[in-house]
Q: 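Structure incoming, see below.
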Amino acid sequence: MATFRTGQQTHPPVLPQQVALESESVDTPRIGHETRLRHHPTVVPGTDHVRGETGTASPDGSGVTTQPLAGEKPRERHPSVFVLDQHHTPLQPCHPARARQLLAKGRAVVARHTPFTIRLKDRSIAESEVDGVQVGIDPGSKHTGFAVFTHQAGERRGRYAIQLDHRGGRIRKKMGQRSAYRRRRRAANLRHRAPRFSNRTRPPGWLSPSLRHRVETTTAWVDRLTRWAPVTAVHVERVAFDTHSLSAGRPLEGVEYQQGTLAGYEVREYLLAKFDRTCAYCGATDTPLNLDHVHPRSRGGSDRVSNLVLACVACNQAKNDRPVEEFVTDPKTLARVLARAKAPLRDAAAVQSTRWALWRSLNERLPTRVGSGGRTKWNRTRNRLPKSHTLDALAVGEAETITQTTDRVLVAACAGRGSYSRTRPDKHGFPRLRLPRTKGFFGFATGDLVRAVVPQGKKAGVHTGRVAVRASGSFNITTAHGTVQGIGYKNMRLLQRADGYGYTWKGEGVSSRP
C-alpha cells in the first residue's frame, strides 16, 4: 500500500520509493545587462552524494539515479519581456523593470502588446551578448503548456509560461455536423453523381482534423517564440507512459530504467490519468489515494497495470486482501470497477499519436529533446512544484534543479479567424440568415485586441479585450470579467490585430488537467 502524498515503501515491482539524499540551495540572480542575465554560481549539491548516486539504474542507463528531494521550493518572479533589436532579431528576454526603463528613456518602443515585446532602437544583435533560451512543451488533449527558460549547468530558470487551449472538441463537433449534412444530401432525391469513395485515400501519417489542429497550433507557437526569443532547443514529451514496463508485470533489470525510481512515477501517472484522481470504489476526490490490487496478490493476483486501481485509504483498508467480488456487493458497481480497470486510455492513445507527429514537426525546426511523462512528474516532484501544464513543461526532460518559476501564465485560447461562409445554417443545413460580405467596420475587425475608455454612463470605465464588430458601430468587448455590449467604436483604441487567439492571464498552479 503506497499513499501518493506520503511516499511509503511499497512492493518493489510496483512503487519503489527511496529516501532523499541531498538538499538544494538557491542563489539570488541579479540583472546585469538590459537584454540578458549574467552568469551566477551554480547550485551546490550535498556533500555525501555529489548527485545522489545510489548505484541503482538511472533513466539514461548510466548507473546512477538522482533521487527526489524535499528542498527549498523555487521562488516566483514576474514573466520576462521579449526583446528585439533594431532589425527585429530576438535578443535575451529582460526583466519587466528593465523594459520600463528602456521605454521611459525612449530607447525602446512597444513591438507587440501580447505577449509583451519591445524593440530596441539603438542596439543590434552584433552589439549584444545572447545566451539563448530553451522551450519546454507539455502536450495535452485539451491544453498544452509552454515554458521558456534558461538552462545553465543543469539549472533551469523559468522566464515565461503559456497555456495553449485547443479547440479540437469544437472541430470534432463541426466535422460531425458537416458529415450529417452530406449524409442528407446523399439520401435526397438529387441528380446522379458518380461514386467517389474509391478515390479517397489517406496519406501516410494522416491525422484527423481535431488531432492535426493540436500539432499545427503547437508548432505555430514554437515558430512564434523563435521570432520573439533566441530559442536554441526544444524539450517535449514524446511518450506519456512506458508501455513496455507497464505490461511486463515484473521488475526490469540493467539499463531498463523502469526498475529505478521512475517505475513508481510511470505507474502513478498512468493510473491517476486513467481514474481521474478518484477512488475506483467510492469516487472520493481530494484525498490520499493508494494503489489497490483488484485481485489480491495473496490470492494469485499479479502486478500488471490491468490489475491495479486507485482506492482511498478507507476503501483500501476495508477491502484488505479480500477479492473485489466480496468487497463490492452492488452488481453495477462491481461491473463498473472491473470494466474500468481493464479499459484502455483512449484519449491517451490519441495524444500519443499526436506526440509523435509533433516531435517530427518540431525536429525539422529546432534541435528537439524528448522525455516521458513519468520523468516529467519525477522532476516536478523532486523540485516541489505544484501540478500544472506550464510547470510540467518546465520540468520536461533532463532537469536537475528548477530554481525559478513565473507567478503568472498567459492563457492563449484558440478562437479561429472567422468563417468563409456568409450564411448561418439551421439544424437541417439550410441557410437561415446572411452575414455582411465585409468583416471590418470603422477600422476594426472581430477578434482585434482593443482598449475602450468610456467616460460616462452605465458602462463607464476601461475595458480591454477582444472585440466583436457590427455595421452599426456599436461593438461588444469580451474581457476577462465578461462581455460588455454596446460600446461605440469612437471610444476604442486598437492594441493588436486579431491573430486567431484570445488572451487572458491567470496565476500559476491553478489550472486543471484533462
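The basis for the numbers below is simple: all heavy atoms, side chains too, and nothing from hydrogens, waters or symmetry mates.
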Q: How are the rings of Tyr501 and Tyr503 set relative to one another: parallel (under 30°), tilted (30 to 60°) or perpendicular (over 60°)?
A: tilted
Q: Between Val462 and Arg451, is any pair of side-chain heavy atoms under 4.5 Å apart?
A: yes
Q: Using modelled atom types only, decide if a donor and an acceptor are shared between the side chain of Thr479 and the backbone of His481 within a distance under 3.5 Å.
A: yes
Q: Do the side chains of Arg380 and Asp138 get close enough for a salt bridge, i.e. N-O under 4.0 angstrom?
A: no
Q: I'd like to know if the side chain of His95 reaches the main chain of Ala97, judged simply by a donor and an acceptor atom lying under 3.5 Å from each other, with no hydrogens or angles considered.
A: yes
Q: Give the intermediate values and the outcome of side chain to side chain contact (heavy atoms under 4.5 Å, CB included) for residues Asp131 and Gln152.
A: CA-CA 9 Å; Asp131 293 335; Gln152 295 178 354; 3.7 Å; yes
Q: Which pairs, with at least one residue in residues 403-420 and sequence neighbours excluded, count as a salt bridge (charged side-chain N to carboxylate O under 4.0 Å, His left out)?
A: none
Q: Are the side chains of Gln86 and Leu120 in touch, meaning some heavy atoms are under 4.5 Å apart?
A: no
Q: Considering non-hydrogen atoms only, spot the tightest contact between Cys414 and Thr217 and give its length.
A: SG-CG2, 4.0 Å
Q: Give me the atom names and distance for the closest heavy-atom approach of Pro209 to Met175.
A: CG-CE, 3.8 Å
Q: Using atom types as modelled and distance alone, determine if a side-chain donor or acceptor of Gln163 lies under 3.5 Å from a backbone N or O of Ala412.
A: no
Q: Going by distance alone, is a donor N or O of one side chain under 3.5 Å from an acceptor N or O of the other, for Arg365 and Thr368?
A: no
Q: For the CZ atom on Arg470, are there more than 12 heavy atoms of other groups (residues, nucleotides or ligands in this structure) within a distance under 6.0 Å?
A: yes
Q: Which residue, His235, Arg157, Gln134, forms the side-chain contact (heavy atoms from CB on, under 4.5 Å) with His151?
A: Gln134
Q: For the backbone of Leu358 and the side chain of Ser361, can you confirm whether one donor and one acceptor N or O come within less than 3.5 Å of each other?
A: no
Q: Do Tyr160 and Trp228 have ring centroids that are under 6.0 Å from one another?
A: no
Q: In the structure I gave you, are the side-chain heavy atoms of Arg112 and Arg227 within less than 4.5 Å of one another anywhere?
A: no
Q: Can a side-chain donor-acceptor contact be found between Arg107 and Gln101 if the only test is distance below 3.5 angstrom?
A: no
Q: So which pairs with a foot in residues 489-498 pass side-chain hydrogen bond (donor to acceptor under 3.5 Å, both in side chains), sequence neighbours left out?
A: Asp448-Arg497
Q: Can a donor-acceptor pair be found, under 3.5 Å and without considering hydrogens, that links the side chain of Thr232 to the backbone of Val133?
A: yes
Q: When you measure from the side chain of Thr117 to the backbone N and O of His113, does any donor-acceptor pair fall under 3.5 Å?
A: no
Q: Side chains of Glu508 and Thr405: any donor to acceptor distance under 3.5 Å?
A: no
Q: Is the closest side-chain heavy-atom distance between Val370 and Val236 below 4.5 Å?
A: yes
Q: Tell me the closest heavy-atom pair linking Gly168 and His213, and the distance in Å.
A: N-CD2, 3.8 Å
Q: Establish, for the pair Arg375 and Trp378, whether the NZ or CZ atom is under 6.0 angstrom from the six-membered ring centre and no further than 45 degrees off its axis.
A: no
Q: Of the options Thr401, Thr403, Leu394, which is the one that meets Asn383 in a side-chain contact (heavy atoms from CB on, under 4.5 Å)?
A: Thr401
Q: How about Pro115 and Leu410: do any of their side-chain heavy atoms sit closer than 4.5 Å?
A: yes
Q: Please evaluate residues Ile487 and Val450 with respect to the criterion side chain to side chain contact (heavy atoms under 4.5 Å, CB included), reporting the C-alpha separation (whole Å), side-chain torsions for both, the decisive distance (0.1 Å), and the verdict.
A: CA-CA 11 Å; Ile487 303 296; Val450 299; over 6 Å; no
Q: Do side-chain atoms of Lys121 reach the backbone of Gly106 as a donor and acceptor pair under 3.5 angstrom?
A: yes
Q: For Ala445 versus Val469, what's the shortest heavy-atom pair and its separation?
A: C-CG1, 3.7 Å
Q: Looking only at atom types and distance, does a side-chain atom of Asn379 sit under 3.5 Å from a main-chain N or O of Gly397, one as donor and one as acceptor?
A: yes
Q: Please check: side-chain N/O of Thr381 versus main-chain N/O of Lys377, any donor-acceptor pairing under 3.5 Å?
A: yes
Q: Are side-chain N/O atoms of Thr144 and His166 paired as donor and acceptor at under 3.5 Å?
A: yes
Q: Provide the closest heavy-atom pair for Pro230 versus Pro93 in the form atom of the first, atom of the second, distance.
A: CD-CD, 4.2 Å
Q: With a 4.5 Å cut-off on side-chain heavy atoms, are Gln404 and Arg159 touching?
A: yes
Q: Would you call Ile125 and Leu91 a side-chain contact if the rule is heavy atoms closer than 4.5 Å?
A: yes
Q: Determine which pairs satisfy salt bridge (charged side-chain N to carboxylate O under 4.0 Å, His left out) with at least one residue from residues 161-171, sequence neighbours left out, and list them in order.
A: none
Q: How far apart are the closest heavy atoms of Gly145 and Ala393, and which atoms are they?
A: O-CB, 3.4 Å
Q: Do the non-hydrogen side-chain atoms of Leu272 and Lys387 ever get within less than 4.5 Å of each other?
A: no
